Amino acid sequence: MGVNGILPRILPSAGRENYDLRSLKDGLIVLSADDDIPSRKRKIPQTREQASKKPAWARRKIRVAIDLNGWISRACHGHGAYLMDERHLSYHGRAILSKQRVENNDSGNVNVGNELSAANYVDDITGELPSAFQQQQQVEYISKCINFLLQRITYLTSECNLQVLLVLDGSTPPIKQIAVSDRRDKRRKAVNERDNECIPRKQADDEDEAIATEKEALSRISASKRAGSGIDPNLRSMLHSQLLSQLRSHSLPFLIAPYEADGQLAYLSNNGVVDAIITEDSDLICLGVKRIIYKLGGWNGANETNRSTQGLKGTLLCRKDLGSARGIDLMDFSDVMLVVMFVSAGCDYCNSLKGIGIVTARDIVAQVFFSQDADVPVLKRVLHELYQMCHKEAREQLLPLEDERKEWARRAYERAFLGAVAMYRHPLVHDPFLGDVIANDVSRECVGRSESVPVSTSFWRDEDLLMEYEPYRNLVLHREALYEIVGRPRAPCMAQKMARGLVDKLNQGEREREVDPAHPTLFDVRNEDHLAEASETVKVVHNTQGDEVDFHQLVQGTVSCLSSSGGLQPSSQEFSVIGRGTQQSKSSSDKTLSSLSPDLLASPSPAKHHVMNN
DNA sequence: CGACGCGCGACTT
DNA sequence: TCGCGCGTCG
């Protein structure tokens, strides 16, 4: 997930640690719907009439999207040991187990006397059904994981008074499929290791036995951990469906992204649907998300950050604070630069060239983007720098450029590289109104079409920069080419159903699940009547300092006007509406300009959506 | 020699 | 996931 060592280099200096989400519980002051004017105008002192015309504002809950998949893997990881018999953890239990093992082996049992791999027997090895005992174990495991998740979610909704939107991963995008199959092989190896390491152990001294068994147990635990991130597909789908039904019964809105959750989360955030994102994934950084909360609850014992006895603390990372990172200098880095850096340094979609890490990638990107001489497209220059800077071994396969025979190798890397960039820049996401769409669609088929989401000027500017390189340009201008990478949109009604989890994605959506239609699903939540609270007396501190109000300022007791951080905040109080005017990723330097941008005004912005907006 | 990248082994809940 | 030691490169 994401780039390897980037969070440790950024969070300590640029992030705000120990961020207590309970400080968000007072919610947010927003200008009410009819006051839908650009934030700049609000700075003009109000006349008495205008001031008395009330209420100009309303209070609403803070909306947060949660990358649930991160939590799920954490939960699986943390409780992974429970998939194994807990008796492994005590001396006594181990003694009993080893005895059982011997017996089982003597009787030539197919099960290798290993009850640990309960789940894996289902499909991995013999295809047999798990025993009742094993099923019992799986059920406990799943309920432990789900309880863990629900506990956290409930904390956020009740203690922090947040309006949460859970986002889940969908299918694997085409570009990632190769990498995934690689990973599957590794996982399989780990699983086998875990299963096979239980070799028949002849009688030995008690002491030896104890030591040996302990070692074995430890190594198996670690093998199990390695295998743990990719638990049995069967178990996973069980967990998945149970989770969904739990979410439904708790009336928690959720959304299943068409493909990866990252892009979906970024889309939600950049369109102003949510105010912040809770995740563990570093990819969100380069997707232009304004506020990300990492390490909620502090996960590792070694790292005490965000750990507290009561409540959950997190590390808040604001986009504009990125430049202040001390571990790595990202001063004045735009979103494109971050994307290119991530891809260069090796991400989920594209392995880095040997010898290129985060530091080298940063240096190259800074050098190329900040230098003025630009007869050569930036992407081309970055690629050439990468060829130059990587380890000798790799370099000799790529350079010199004059060597035509090495063109093939360069093309191979370039393909992956550009695909990864495209994946970050134009993920396929689900929009409740438009269905599956390509975020920041700049393709020829799209431009000028009214049903598409407009793309901000800053995004265009950055994208133009990338498109100077012909191969990339061809990639993003043609939807078909893009579909080959980011995936294909589904038919609108199917997209709806899948986003709501009404259709089993594993079966390519052919078989619908039986779901009580009365259950609230994603965008049915119209619960909060925020305007009703407007009559309360609330201290309002007008935003005097700029267009964007700091998240933490908003909530440290006093409440400020939300100036919708450069776009139009959806004035409606429901998740069911996505602010159409809001734009995608902007570099930290440009503020409200994009909401006034010509292309926005020119584009026949879908008024039909605005209707629902108010 | 220093910096960077990478792999291994600690341990978590 | 984090920290540490080693290899490689400049």
Side-chain angles (χ1 to χ4, degrees), chain A residues 1-12 15 17 69-86 88-90 137 140-152 183 186 189-190 193-194 197 214-231 239 279-282 294-309 312 314-315 326-329 341-342 344-347 351-367 385-399:
Chain A
M1 8 147 275
V3 175
N4 244 330
I6 223 186
L7 289 182
R9 292 180 199 252
I10 289 178
L11 291 186
E17 283 179 0
N69 281 89
W71 285 13
I72 290 174
S73 35
R74 294 287 194 160
C76 294
H77 202 61
H79 298 279
Y82 288 98
L83 241 199
M84 320 211 302
D85 198 296
E86 288 177 24
H88 274 289
L89 304 176
S90 77
Q137 250 188 351
E140 279 174 22
Y141 174 73
I142 287 179
S143 72
K144 271 207 158 66
C145 291
I146 290 187
N147 278 338
F148 173 85
L149 296 170
L150 286 179
Q151 217 176 314
R152 288 175 154 256
R183 212 171 284 177
K186 264 184 203 159
K189 234 179 244 176
E193 191 181 330
R194 188 183 66 178
E197 224 160 86
E214 181 159 14
K215 249 188 187 166
E216 182 188 305
L218 278 177
S219 88
R220 247 202 265 146
I221 286 174
S222 86
S224 170
K225 296 274 171 63
R226 262 174 283 147
S229 59
I231 46 173
L239 191 127
T279 184
E280 304 295 318
D281 194 338
S282 56
Y294 283 108
K295 298 188 188 306
L296 189 69
W299 295 91
N300 339 295
N303 189 355
E304 286 292 311
T305 24
N306 304 332
R307 267 213 157 166
S308 68
T309 44
L312 296 175
T315 301
R326 262 182 283 279
I328 184 168
D329 184 12
M341 184 182 82
F342 273 46
S344 304
C347 58
N351 289 324
S352 70
L353 294 172
K354 282 272 171 280
I356 303 289
I358 191 68
V359 176
T360 317
R362 189 223 83 99
D363 290 344
I364 291 176
V365 168
Q367 184 199 322
E385 285 297 320
L386 288 173
Y387 300 152
Q388 210 83 51
M389 299 293 288
C390 62
H391 273 194
K392 216 185 209 166
E393 187 193 345
R395 185 164 59 229
E396 280 166 356
Q397 295 176 13
L398 300 163
L399 293 178

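Letters A, B, ... mirror the listed sequences (proteins, then strands); counts begin at 1. Predicted model, so just to flag it, every value in this text is computed and none were measured.
Relative to the side chain of A/Pro8, the nucleotides C/dT1, C/dG10, C/dC2 differ in distance, and C/dC2 lies closest.
A/Ala345 is linked by a side-chain contact (heavy atoms from CB on, under 4.5 Å) to A/Val3, A/Ile358, A/Ala361, counting only residues two or more places apart in sequence or in another chain. With sequence neighbours excluded, the residues forming a side-chain contact (heavy atoms from CB on, under 4.5 Å) with A/Asp363 are A/Val359, listed by chain and number. In this structure, A/Ser352 has no side-chain hydrogen bond (donor to acceptor under 3.5 Å, both in side chains) partners at least two apart in sequence or on a different chain.
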Under 3.5 Å, sequence neighbours excluded: what are the donor-acceptor pairs made by side chains of residues 388-395 of chain A?
{"residue": "A/Arg395", "atom": "NH1", "partner": "A/Gln388", "partner atom": "O", "Å": "2.8"}
{"residue": "A/Arg395", "atom": "NH1", "partner": "A/Cys390", "partner atom": "O", "Å": "3.1"}

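What separates CD1 of A/Ile72 from C1' of B/dT13 is a distance of 17 Å, to the nearest Å. The CZ atom of A/Phe148 sits 16 Å away from the P atom of B/dT12 (whole-angstrom rounding). Rounded to whole Å, the distance from CD1 on A/Ile364 to P on C/dG10 is 12 Å. Atom C1' of nucleotide C/dG10 and atom NZ of A/Lys392 are separated by 11 Å, given to the nearest angstrom. Atom CE of A/Met389 and atom C1' of C/dG10 are 9 Å apart (whole Å).
With the 3.5 Å cutoff on both pairing distances, Watson-Crick and G-U pairs in DNA chain B assemble into runs of at least 3 at B:1-10 with C:1-10.
Note on A/Arg362: nothing from the nucleic acid sits closer than 4.0 angstrom, heavy atoms only.
Of all heavy-atom pairs spanning A/Ser344 and A/Ile356, the tightest one is O-CG2, 3.5 Å.
The 12-atom threshold is not exceeded at CG of A/Asn4, counting heavy atoms of other residues, nucleotides or ligands nearer than 6.0 Å.
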Next item on the list: Starting at the 5' end of nucleotides 2-9 of chain B, put B wherever the base has a protein heavy atom under 4.0 Å, S where only the sugar-phosphate does, and a dash everywhere else.
Entry: --SSS---

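Taking only side-chain nitrogens and oxygens, A/Lys295 comes nearer than 4.0 Å to OP1 or OP2 of C/dC2.
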